[in-house]
Amino acid sequence: MNRVLVLNGPNLGRLGTREPDVYGSFTLEDVASRLREQGGHVEIDVRQSDSEPELMSWLFEAIDTESAVILNPAAFTHYSYALRDAVAQVTKSGLVLIEVHISNPHAREQFRHTSVISAVATGVIAGFGIDSYSLALAQILRDR
Ligand code: DQA
């Protein structure tokens with residue numbers, strides 16, 4: 001594994017201005033530069049899409065290129081069975097996929113307490129702000 005795809009779902013392109021009281025004031029570009037620095041020689045590819053099919057196509061790309069995945073499924077976490085089925089294909093092919101959340105969904109509204117993704121992810125990290133991504137990458141780098 002020489003590549004990590006860091007995939008971000010709907011509304012995460014708005015980080016920095018989106019509900020800073022919940023998500024902080026860092027941007028996705030801040031996430032990307034921090035992870036690139038942390039990753040050293042490992043290629044870190046940070047992407048964001050509001051579209052479910054596009055996120056699914058990137059998960060299939062992860063399988064085809066044998067990349068590890070850090071996935072913040074955003075609101076899709078709570079109801080997208082299509083994304084869940086794509087995630088299951090990633091982990092069943094032997095690749096690591098870590099579900100991350102900036103906030104702690106369990107400390108928020110009831111509808112956020114359910115993740116349809118977690119049961120098929122390798123692991124879950126939530127509630128540590130931008131550090132959720134760094135912790136996920138640290139685990140992937142440790143596993144290599
Ligand atoms: C989120 C939590 C989700 O409930 C929410 O829909 C998001 C972001 C997080 O990173 O805390 O968009 O995944």
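For ligands, and for the atoms within them, numbers begin at 1 and follow the listed sequence.
- Within 6.0 Å of the OH atom in Y81, the count of heavy atoms belonging to other residues, nucleotides or ligands does not exceed 12.
- F111 CZ to T77 OG1: the interatomic distance, rounded to the nearest 0.5 Å, is 10.0 Å.
- The aromatic rings of H106 and H113 sit tilted relative to each other, their planes meeting at an angle between 30° and 60°.
- When each of V120, L5, V69, L7 is checked for a side-chain contact (heavy atoms from CB on, under 4.5 Å) with L97, only V69 meets the rule.
- Summary of contacts: the protein heavy atom closest to atom 5 (C) of ligand 1 is R112 NH1, 3.3 Å.
- By the 4.5 Å heavy-atom criterion applied to side chains, W58 and R47 are counted as neighbours.
- Among F111, Y133, Y23, the residue whose heavy atom lies nearest to atom 8 (C) of ligand 1 is Y23.
- Both the backbone and the side chain of H101 come within 4.0 Å of ligand 1, judged by heavy-atom distances.
- Of all the heavy atoms of R18, the ones lying under 4.0 Å from any atom of ligand 1 belong exclusively to the side chain.
- Shown here is R108, whose CZ atom has more than 12 heavy atoms of other residues, nucleotides or ligands within 6.0 Å.
- Within the structure, ligand 1 lacks N11 among the residues with a heavy atom less than 4.0 angstrom away.
- At a heavy-atom cutoff of 4.0 Å, ligand 1 is contacted by no atom of V22, backbone or side chain.
- Annotation: atom 9 (C) of ligand 1 to nearest protein heavy atom, I102 N, 3.3 Å.
- Taking a cut-off of under 4.0 Å to the non-hydrogen atoms of A75, the atoms of ligand 1 that pass are 6 (O), 12 (O).
- Near H78, meaning under 4.0 Å from one of its heavy atoms, ligand 1 places the atoms 3 (C), 4 (O).
- Here the heavy atom of the protein found nearest to atom 11 (O) of ligand 1 is S103 OG, 2.6 Å.
- Using a 3.5 Å distance cut-off with no hydrogens or angles, the side chains of Y133 and N8 do pair a donor with an acceptor.
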